[in-house]
Amino acid sequence: MSDPERVPGGRKYHSLSELVGNTPLLRVTTPLPDPQPGFWAKLEGLSPGGMKARAALSMVTGARRRGELAEGGTIVESTSGTLGIGLAYVGIALGHPVILVTDREIDALTLTLLRAYGARVEIVGEPHPRGGWQRARRDRVNELLAEHAGSFWPDQYNNPDNAAGYEPLGRELLNQLDRLDTVVCSVGTGGHSAGIASAIRPHRPDVRIVGVDSPGSTLFGEPPEKRLMRGLGSSIHPDNVAYDRFDEVHWVGPAEAARTCRELARGNFVSGGWSTGAVALVSAWYAAEIGSDRIVGVFPDGPHRYWETIYDDEFVDRNGLHATRGERRPVDREDERHEGTARWSRSRRVADPCPGRTAGTDCPVCGQDGALS
């Protein structure tokens, strides 16, 4: 990969792969919902291939380097949308056909874009009874891998190259900010929080890593439930989640996330989807709680994919997202009075919930067939 040319007015790039990363920071002082000293938003949605182009490029180049993916070989992966965009981007940049397995809950804009970018898209119709949509998609991936000799499965949930792809993001933050207290990350595959922590902690060991999950997600040991939000949370226990790197975890519901997205749009212009709203809410609360302006929230995307959900009044009304204006602070789950997971909550006790990894026994979430091994 050649270095971009630095010329007056900007940089000149010779390949798509050179455009991955080096995203800007934006100061956000919008009350969300209360006044706060401001935090920095890392605008990953401004990268042409999206945030997950970082992971896609790392996983594909790693496979090519190890001989797991031949020149022109087919990439097959499961995605709810964002990694699919990143893989389509890398497939064009490096010359690989891409087959993506998604489900019927994918938004229409992403589906249209994936096909426009030349990806073949397979849609599964029903969630797996234990592993949800992610397990159903993975089962179809296995069938496609058997059908296409020499194909490569990046396995974003368990591939360490996923997390490695975000180590440059952590280094960017070190270069962009002289002072840094806390980094707030949404958690799905666990890749970007793990990669950021790996890059930052050796240099600034006191920086806190705060994860943001969705109610109904099993990532941190909660029972699985149907989730309205896409992009954060999981119905499985990915290997890439670095549980020991988190100082605390917040669970933010769809009403709070959607309200925050709309408040960001009105007061800040730069906004995004479910993960962006949830991260912004926690970042703003954290900045106010500890009185620090040295907080970074990683904004994974922009608002465009969510015009039929978060930014659509009928969707918001139909799903009861106006029923609550959202809580102004999280409930501490260590408080003995805390009951349930419906509202915004947090915990500073973070542990790997998967007995398959911690005790060598069958995990009722991951399944008994080594689904995540």
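Within the model, atoms CD of E18 and NZ of K12 stand 12.0 Å from one another, a figure rounded to the nearest 0.5 Å. Taking NE2 from H250 and CH2 from W344, the interatomic distance works out to 7.0 Å, rounded to the nearest 0.5 Å. Interatomic distance, CD1 of I99 versus OG of S78, reported as 13.5 Å (0.5 Å rounding). Atom CD1 in I92 sits 13.0 Å away from atom OG in S15 (nearest 0.5 Å). To the nearest 0.5 Å, atom CG of residue L145 and atom OG1 of residue T74 are 10.0 Å apart. Within the model, atoms CH2 of W274 and SG of C261 stand 7.5 Å from one another, a figure rounded to the nearest 0.5 Å.
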Just list the side-chain donor-acceptor pairs under 3.5 Å for residues 108-118, sequence neighbours left out, or say none.
unit_1 : atom_1 : unit_2 : atom_2 : d
T110   : OG1    : D107   : OD1    : 2.8
T110   : OG1    : D107   : OD2    : 2.9
T110   : OG1    : R305   : NE     : 2.6
T112   : OG1    : A108   : O      : 2.9

Show me, pair by pair, the donor-acceptor contacts under 3.5 angstrom made by side chains of residues 193-202, not counting sequence neighbours?
unit_1 : atom_1 : unit_2 : atom_2 : d
S193   : OG     : G190   : O      : 3.3
S198   : OG     : A194   : O      : 3.0
S198   : OG     : R245   : NH1    : 3.0
R201   : NE     : V207   : O      : 3.0
R201   : NH1    : R245   : O      : 3.3
R201   : NH2    : V207   : O      : 3.2
R201   : NH2    : R245   : O      : 3.1
R201   : NH2    : D247   : OD2    : 2.8

Would L57 and S17 count as a side-chain contact (heavy atoms from CB on, under 4.5 Å) here? Give the steps.
CA-CA 8 Å; L57 184 61; S17 57; 4.2 Å; yes
What's the verdict on side-chain contact (heavy atoms from CB on, under 4.5 Å) for V187 and D213, showing C-alpha distance, side-chain angles and the deciding distance?
CA-CA 6 Å; V187 188; D213 195 8; 5.5 Å; no
So Y311 and S271, side-chain hydrogen bond (donor to acceptor under 3.5 Å, both in side chains) or not? Walk me through it.
CA-CA 11 Å; Y311 303 98; S271 188; 2.9 Å; yes
Go through the steps for L180 and L177 under the test side-chain contact (heavy atoms from CB on, under 4.5 Å), then give the verdict.
CA-CA 7 Å; L180 181 61; L177 295 168; 4.0 Å; yes
After noting the C-alpha distance and the side-chain angles of D103 and R230, does the key distance pass the salt bridge (Lys or Arg N to Asp or Glu O under 4.0 Å) rule?
CA-CA 12 Å; D103 56 66; R230 306 279 280 180; 3.0 Å; yes
Test log, rule salt bridge (Lys or Arg N to Asp or Glu O under 4.0 Å), inputs R66 and D161
CA-CA 12 Å; R66 293 186 296 270; D161 285 337; 3.0 Å; yes
Show your working on side-chain contact (heavy atoms from CB on, under 4.5 Å) between V76 and F152 and close with a plain yes or no.
CA-CA 6 Å; V76 182; F152 169 67; over 6 Å; no
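Closest heavy-atom contact between A119 and L100: CB-CD1, 3.9 Å. In plain terms, the two heavy atoms of L232 and A278 that are nearest each other are CD1-CB, 4.2 Å. Heavy-atom minimum distance, S47 versus T23: CB-CG2, 4.1 Å. Scanning both residues, A280 and F299, for their nearest heavy atoms gives CB-CZ, 3.8 Å. Between P300 and S186, the shortest heavy-atom contact is CG-OG, 3.8 Å. Shortest non-hydrogen contact noted between L173 and K42 is CD2-CD, 3.9 Å.
Salt bridge D312/R318: absent, no basic N to carboxylate O contact under 4.0 Å. Here E143 pairs with R140 in a salt bridge; the nearest charged N to carboxylate O distance falls below 4.0 Å. The residues E248 and R349 are annotated as not salt-bridged, no charged nitrogen and carboxylate oxygen being separated by less than 4.0 angstrom. Using a cut-off of 4.0 Å between Lys/Arg side-chain N and Asp/Glu carboxylate O, D34 and R329 are scored as not salt-bridged. Using a 4.0 Å cut-off between charged side-chain N and carboxylate O, R262 and E256 make no salt bridge. Residues R120 and E122 are paired through a salt bridge, judged by an N-O separation under 4.0 Å between the basic side chain and the carboxylate. A salt bridge is defined here as a Lys NZ or Arg NE, NH1 or NH2 lying under 4.0 Å from an Asp or Glu carboxylate O, and D155 with R138 fails to meet this definition.
For E44, the salt bridge (charged side-chain N to carboxylate O under 4.0 Å, His left out) criterion is met by R54, not counting sequence neighbours. Remark: F246 engages F220 in a ring pair (Phe, Tyr, Trp, His ring centres under 6.0 Å) (not counting sequence neighbours). Judged as a side-chain contact (heavy atoms from CB on, under 4.5 Å), and not counting sequence neighbours, the contacts of T182 are V184, R208, V210, Y286, I290, I295. Residues satisfying the ring pair (Phe, Tyr, Trp, His ring centres under 6.0 Å) test with Y89, not counting sequence neighbours, are none.
Counting heavy atoms from C-beta on, the side chains of C363 and H237 come closer than 4.5 Å. Residues V60 and I75 are in side-chain contact: their nearest non-hydrogen atoms beyond the backbone lie under 4.5 Å apart. Counting heavy atoms from C-beta outward, V252 and V282 have side chains that approach closer than 4.5 Å. A 4.5 Å side-chain heavy-atom check between V270 and P303 finds every atom pair outside the cut-off. A heavy-atom distance below 4.5 Å is not found between the side chains of P24 and L26.
Here the side chain of R11 pairs no donor or acceptor atom with the backbone of L19 at under 3.5 angstrom. S217 contributes no side-chain N or O that, together with a main-chain N or O of G233, makes up a donor-acceptor pair within less than 3.5 Å. One N or O on the side chain of N159 and one on the backbone of P154 form a donor-acceptor pair closer than 3.5 Å. Side chain of H192 to main chain of A163: no donor-acceptor pair is present (N/O by atom type, distance under 3.5 Å, no hydrogens or angles). Formation of a donor-acceptor pair under 3.5 Å by the E172 side chain with backbone atoms of E167 is not found in this model. No donor-acceptor distance shorter than 3.5 angstrom exists from the side chain of R259 to the backbone of L32, with no hydrogens or angles considered. The main-chain N or O of L219 is never found under 3.5 Å from a side-chain atom of S234 such that the two would form a donor-acceptor pair. H96 places a side-chain N or O within 3.5 Å of a backbone atom of G73 that can act as its donor or acceptor partner.
Within the cation-pi definition used here (under 6.0 Å to the ring centroid, within 45° of the axis), R333 qualifies as a partner of W251. The side-chain tip of R27 points at the ring of W40 from less than 6.0 angstrom away and within 45° of straight on.
Counted by atom type alone, T276 and D301 present one or more donor-acceptor pairs between their side chains at under 3.5 Å. Side-chain polar atoms of W153 and E77 form a donor-acceptor pair below 3.5 angstrom. Defined by atom type and a distance below 3.5 Å, a donor-acceptor pair is present between the side-chain atoms of D181 and S292. A donor atom on one side chain and an acceptor atom on the other are not found under 3.5 Å apart for E263 and T30. For the 3.5 Å distance criterion, the side chains of T189 and N162 qualify, holding a donor opposite an acceptor.
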